[in-house]
Amino acid sequence: MQTRPPAPVLTIDGPSGSGKGTISRLVAEHLGWRLLDSGALYRAVGYAAGAAGLDLSDAEAVTRCAESTRIHFRAAPNDGETRVIVNGHDATDELRTETAGAAASAIASIPSVRKALVDLQLSFRKAPGLVADGRDMGTVIFPDAPFKVFLTASAAERAKRRYKQLKEKGLSVTLASLQSEIEARDTRDASRAVAPLKPAADALLVDTTGMGIEDVVAKVLAVVKP
Ligand SMILES: Nc1ncnc2c1ncn2[C@@H]1O[C@H](COP(=O)(O)OP(=O)(O)OP(=O)(O)O)[C@@H](O)[C@H]1O
Ligand SMILES: Nc1ccn([C@H]2C[C@H](O)[C@@H](COP(=O)(O)O)O2)c(=O)n1
């Protein structure tokens, strides 16, 4: 019996604030493909672990939490931000903070937590295709992906973007603290032993510093449809 080829995957990896989430969503919309925001999974586990009062360095407890946390994505009306439902609670706004990002980064360095999330990430790979956003999409989760991109931008540029993003949500943040939080998270994500943040050898590197969103989208789309 002829087996169907696996659905195509475009992986978009990169550090915090490089624009992965925004670019992935716009490219997935353009292609009509599914979208995996793998960072949201780690943020959801970090959030659930915090809500349960767990010590985020307690690998066993946090792994059990990763195995039992129920995470659902729900399209928002009028094309708004996809809602992330964690154990039945819409946690979307809490998950977008740098505090949630730091918690996610902390638990993401635990190998058994990463293992607990692999099957869920692989399950997103369905026809007609998948755009997968994260840190290790092109290196670990979808190494056979035919299309791979690694987005970067200077830490200052990424802090500026995150500052504008969070201010628009009405959060009180300072540019200086955001930049140091982003740099600390980058260091942890890139220096951990398991699935470190790094471009896949066959990924197209795109430095988005000074590039508009539309230009980045066009460059990434050209990888899939030259
Ligand atoms: N090329 C760009 N120029 C200016 N702003 C951008 C660009 N790309 C993304 N942004 C904006 O920067 C902010 C952060 O982008 P986004 O959340 O997509 O980054 P990210 O890499 O997914 O971050 P994280 O990994 O922390 O979730 C958003 O408000 C987004 O609209
Ligand atoms: N594939 C992934 C995605 C995310 N993480 C960790 C490391 C990040 O700092 C944190 C939050 O991710 P974001 O929402 O900012 O993309 O989660 C990871 O280790 N692997």
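All residue numbers refer to positions in the sequence shown, counting from 1. All ligand and atom numbering here is 1-based and tracks the order in the structure. Treat the numbers as computed from the prediction; the structure is a model and nothing was measured.
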Measuring from the heavy atoms of Ala153, does anything fall under 4.0 Å of ligand 1?
-> no

Atoms of ligand 2 under 4.0 Å from any heavy atom of Arg43, numbered from 1 in the order shown, are 11 (C), 13 (P), 14 (O), 15 (O)

Mind checking whether Ser18 has a heavy atom under 4.0 Å from ligand 1? yes

Logged contact type for Arg135 with ligand 2, heavy-atom cut-off 4.0 Å, is both

So for Lys160 against ligand 1, with non-hydrogen atoms under 4.0 Å, the contacting part is neither

Ranked by distance from atom 15 (O) of ligand 1, the top protein heavy atom is Thr22 OG1, 3.6 Å

The answer for which part of Arg162 has a heavy atom under 4.0 Å from ligand 2 is neither

Query raised in the report: Should Arg96 be listed as contacting ligand 1, given a heavy-atom distance under 4.0 Å as the test?
Result: yes

Checking heavy atoms under 4.0 Å, the part of Glu168 that sits near ligand 1 is neither

closest protein heavy atom to atom 21 (O) of ligand 1 is Lys20 NZ, 2.7 Å

Asp189 heavy atoms within 4.0 Å reach ligand 2 at atoms 7 (C), 8 (C), 9 (O)

for atom 4 (C) of ligand 1, nearest protein heavy atom and its distance come out as Arg161 NE, 3.6 Å

request  = Report yes if some N/O of Asp37 lies less than 3.5 Å from some N/O of ligand 2; otherwise report no.
outcome  = no

